[in-house]
Amino acid sequence: DAGVIQSPRHEVTEMGQEVTLRCKPISGHDYLFWYRQTMMRGLELLIYFNNNVPIDDSGMPEDRFSAKMPNASFSTLKIQPSEPRDSAVYFCASRWGGDNYGYTFGSGTRLTVV
Amino acid sequence: QKEVEQDPGPLSVPEGAIVSLNCTYSNSAFQYFMWYRQYSRKGPELLMYTYSSGNKEDGRFTAQVDKSSKYISLFIRDSQPSDSATYLCAMDTDKLIFGTGTRLQVFP
């Protein structure tokens, strides 16, 4: 298995632009998580899905952030409009529902908003 | 107060030293306790996990959980330069909550 695949690896965008981050979870995993990592706040959970349904989006910082999971093999995290304070590394992770510890993380997307 | 507290370090030790990393938590509902290792510009990788209280050993690594004190530890014996990374504790109910991570450097 290729693991959790995220794209792009790096994204540099101007303030006010729309940014879309993509994630392909491991086949067979029914939970998908989006995290954001910064030096100041560490790894923060933004939102997670179970069987493609959003379960908890309480970590989404504001309405500029949205996430979708149209099918079991694809999820997006969108920021519109982007702001410099959104600069961070965004990680996607997935796991199988019968295994509370088997989280697998992608390599992350490093977002820089200038 | 954050749900999971972890000293950010950095921690710098000589090769061969015993390293102790710790976290405290506030949510008594946590049942799974994990340690992740993260190298620079990489995603976190699961190092060890423990269910409920107790100890678990895997090679040079030992994880301990004391639910009565809401305190977990990771010990690294005979530390190596390749152990230099950020170590994150994490705890799970239905979602994984992380500590801020401790940066460890092992020098030759």
Side-chain angles (χ1 to χ4, degrees), chain A residues 2-7 9-10 21 23-26 29-51 53-60 67 88-112, chain B residues 1-10 21-25 27 29-54 56 58 61 63 65 67 72 74 85-104:
Chain A
V4 176
I5 299 172
Q6 291 187 246
S7 63
R9 288 297 308 273
H10 303 274
L21 311 180
C23 175
K24 176 179 168 54
I26 290 175
H29 283 191
D30 51 351
Y31 280 80
L32 183 139
F33 303 79
W34 282 101
Y35 285 85
R36 177 172 68 176
Q37 187 174 38
T38 61
M39 289 291 290
M40 292 297 295
R41 300 173 69 90
L43 265 168
E44 301 175 284
L45 178 65
L46 300 177
I47 185 171
Y48 77 95
F49 297 82
N50 177 219
N51 290 322
V53 176
I55 302 301
D56 184 348
D57 65 355
S58 59
M60 297 286 261
V89 182
Y90 291 80
F91 288 102
C92 176
S94 70
R95 72 169 172 88
W96 175 53
D99 182 351
N100 279 62
Y101 56 87
Y103 291 75
T104 302
F105 282 76
S107 298
T109 295
R110 184 173 295 273
L111 173 65
T112 304
Chain B
Q1 182 191 7
K2 297 183 74 171
E3 276 191 289
V4 180
E5 300 277 0
Q6 184 176 9
D7 186 339
L21 304 167
N22 310 291
C23 289
T24 59
Y25 64 95
N27 187 349
F30 288 136
Q31 293 284 4
Y32 285 87
F33 302 88
M34 285 156 263
W35 286 95
Y36 281 79
R37 180 172 58 195
Q38 186 176 24
Y39 291 111
S40 180
R41 297 185 177 269
K42 300 287 187 183
E45 296 175 294
L46 180 65
L47 193 59
M48 294 185 71
Y49 77 93
T50 308
Y51 176 72
S52 195
S53 281
K56 188 171 186 177
D58 183 3
F61 298 87
V65 175
K67 291 193 75 177
I72 72 170
L74 177 71
T86 296
Y87 290 79
L88 302 117
C89 62
M91 302 172 194
D92 178 80
T93 49
D94 55 349
K95 56 190 179 184
L96 201 56
I97 306 299
F98 283 89
T100 50
T102 301
R103 191 154 57 91
L104 171 67

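The shown structure was predicted, so the numbers you read here are calculated from the model rather than taken from an experiment. Each chain gets a letter, A, B and so on, in the order its sequence line appears, and its residues count up from 1.
Contacts of B:Gln38 with chain A are made by side-chain atoms alone, with heavy-atom separations under 4.5 Å and no backbone atom involved. Interface remark: B:Lys42 contributes backbone atoms only to the contact with chain A (heavy atom separation under 4.5 Å). Within the 4.5 angstrom heavy-atom criterion, only side-chain atoms of B:Tyr36, from C-beta onward, approach chain A. Interface remark: A:Asn50 contributes no atoms to any contact with chain B (heavy atom separation under 4.5 Å). Both the backbone and the side chain of B:Leu96 come within less than 4.5 Å of a heavy atom of chain A. Contacts between A:Gln37 and chain B at a heavy-atom distance below 4.5 Å involve the side chain alone, from C-beta outward. For A:Leu43, the parts lying near chain B are the backbone and the side chain together; criterion is any non-hydrogen pair under 4.5 Å. With a threshold of 4.5 angstrom between heavy atoms, A:Arg110 approaches chain B through side-chain atoms but not through N, CA, C or O. Interface remark: A:Phe33 contributes side-chain atoms only to the contact with chain B (heavy atom separation under 4.5 Å).
In terms of modelled atom types and a separation under 3.5 Å, the side chain of A:Glu44 and the main chain of A:Thr38 share no donor-acceptor contact.
Under the 3.5 Å distance criterion, with hydrogens and angles disregarded, no donor-acceptor pair is assigned to the side chains of B:Tyr49 and B:Asp92. Between the side chains of B:Thr102 and B:Gln6, at least one donor N or O sits under 3.5 Å from an acceptor N or O.
Checked against salt bridge (charged side-chain N to carboxylate O under 4.0 Å, His left out), B:Arg37 has no partners two or more places apart in sequence or in another chain. For B:Lys56, the salt bridge (charged side-chain N to carboxylate O under 4.0 Å, His left out) test picks out no residue, with sequence neighbours left out.
In this structure, B:Phe33 and B:Phe30 have perpendicular ring planes: the angle between them is above 60°, well past the 30° mark. Under the 30°/60° scheme for interplanar angles, the aromatic rings of A:Phe105 and A:Phe91 are found to stand perpendicular.
Counting heavy-atom pairs closer than 4.5 Å to chain A, the top residue among B:Gln31, B:Arg41, B:Glu45 is B:Arg41.
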